[in-house]
Amino acid sequence: MIKTQLCIAILTIIGTMSCNKKDVVYSSDTNIIGHGGMGITHDYPINTFEAIAFALHKGVDGVEIDVQMTIDSVLVAYHHEKLEDEMEQTGLINEKYWDEIRNEEYKELLYSGYGLVSLRDIFKHIPEYSDKTFFFDVKTFTRDTTGAYEHRVVRRLLNMIDEYQLNNTIIEVKSEFLGQLVKSLMPEQRVFLYRNIEGVIDSCLKYEFQGITQDIDQYSLEEVRLAQDNGLEVSCINTHSKDRNDEAYRLGIDYNQTDMVNYVLRKAR
Amino acid sequence: MKSEEWRYGRSLLLCVTCIIGCSSIFAQDSTYTYKNTVSIEALGLGRYGSLEYEMLLRKGELVDYYAAAGFAMVRFFNYKNKFKPDVFIPIMGRAVFGQKSHHLELSFGQVIASYSTFSVAKGGESREFELSLAIGTAYRFHTPHGRWQYRAIFYKILDNFNTKRIWIGVAAGYRFNVKSQ
């Protein structure tokens, strides 16, 4: 008798919990962009060739790649400011020559040799990408305050986009200065302003940027609609939990830079 | 690039481990109960988890000696989404102190890792084979005639004989193959 009552109680609780959970429709209007490839929740480190290629093979709409540049102008896919955050070597990428760091491997994972990779190596070897979207998050961890580094990195990136005929690219910038730089060199290049502060919509409209990128927690439905009504596209980051990914779809975000590629792909299907 | 000397050194160490392991197996003591244990380890030498077989090699007055081999497949599909699993095989020798329920365990061995990766030099897929040195210290609980065995292990791993790592594992195992004393 007690067992039966206990079973009924458990089933009621489970039933109530599932009823409370709102079903979110994973619409195809939201592009699935793998953050650094497969996102931080996958055990391929982000920005490795393996993570990026795996995400593309899995069927994402695109990937986000963090871009830094060496002294000898090699564009490198790397997220953190310092090399020692992920690798054996210390220092900044923009203070190293490519030959000094080309054999570096990510050390976060036991028994793995996933290496640092240049953007050129990525686009030389990844599968068919003509219909994919590439977000390039330009990281400017430089001590140079003259803007020379930014000039070089933007020029190099635009050259590479042109060389590999990447049709669908978005350059993410954290400052209006960098965005203006991109626009001055290639006016048709799409630029997203990546900032978590108010007034970002006004800045985008003023400098003719195409969209905004923010933490998913920073968005409200009104802000998303306001940006979209003003002709801007909306992209979000930090979707590293199921709830955050659900929120991205609930808000109708245009590009979800997800850290849970497998989950989102499964839901979208 | 890893030097040839390193490669030679690692191969030699693997051979020595295997020879010591094999010779100990043939010298095993047949008068002890529960010579074999099958266990599941969470985290541990299989990165996220592994299955392991352990065999008692020799029972001493103060210390018992065991050999163990594990198996872990952590990723089934490679970056091309093809079925090419990453496989880790830990091979360990263990000395276990204590004759009652609570034991101190010291272990030493190697992990053979085989995983699929992308090689810029080859311009494509590559399968890497690596050896890593592992040293473990564990608390082990099993009653003298109990079937179940539990371990909490602290590892120091020299990953690919290059990167020092600290790692932990917890294991639960079932002891079997009784022979009367």
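Each chain gets a letter, A, B and so on, in the order the sequences are listed, and its residues count up from 1.
- Contact detail for L109(A) and R165(B): the closest heavy-atom pair is O-NH2, 2.8 Å.
- For I52(A), no part lies under 4.5 angstrom from a heavy atom of chain B.
- In the displayed structure, F71(B) atom CZ is contacted under 6.0 Å by more than 12 heavy atoms of other residues, nucleotides or ligands.
- For the atom pair N160(B) CG and L110(A) CG, the distance stands at 11.0 Å (nearest 0.5 Å).
- For S116(B), the part lying under 4.5 angstrom from a heavy atom of chain A is the backbone only.
- Taking chain A as the reference chain and counting heavy-atom pairs below 4.5 Å, the highest number among G124(B), A113(B), G123(B) is found for G123(B).
- Residues D43(A) and R47(B) meet the side-chain proximity criterion, which asks for heavy atoms closer than 4.5 Å.
- Here the NE2-NZ distance, from H57(A) to K82(B), works out to 7.5 Å after rounding to the nearest 0.5 Å.
- Atom CD of Q165(A) sits in a sparse spot, with 12 or fewer heavy atoms from other residues, nucleotides or ligands closer than 6.0 Å.
- Residue V74(B) does not touch chain A at all, counting heavy-atom pairs closer than 4.5 Å.
- To the nearest 0.5 angstrom, E50(A) atom CD is 3.5 Å from T117(B) atom OG1.
- For I40(B), the CD1 atom sits in a loose shell: 12 or fewer heavy atoms of surrounding residues, nucleotides or ligands are nearer than 6.0 Å.
- Y111(A) and D86(B) share no side-chain donor-acceptor pair at under 3.5 Å.
- Atom CG of residue D159(B) and atom OG of residue S112(A) lie 6.5 Å apart, to the nearest 0.5 angstrom.
- Counting heavy-atom neighbours within 6.0 Å of Y65(B) OH, excluding the residue itself, gives a total of 12 or less.
- In this structure, the portions of F118(B) lying under 4.5 Å from any heavy atom of chain A include both its backbone and its side chain.
- Heavy atoms closer than 4.5 Å to chain A are found in the side chain of I157(B), but not in its backbone.
- Within 6.0 Å of atom CZ in R155(A), 12 or fewer heavy atoms from other residues, nucleotides or ligands are found, so the atom counts as exposed in its surroundings.
- Between R75(B) and Y44(A), some side-chain heavy-atom pair lies under the 4.5 Å cut-off.
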For F54(A) and Y79(B): C-alpha separation, side-chain torsions, deciding distance, then whether ring pair (Phe, Tyr, Trp, His ring centres under 6.0 Å) applies. CA-CA 4 Å; F54(A) 193 45; Y79(B) 71 87; 8.5 Å; no

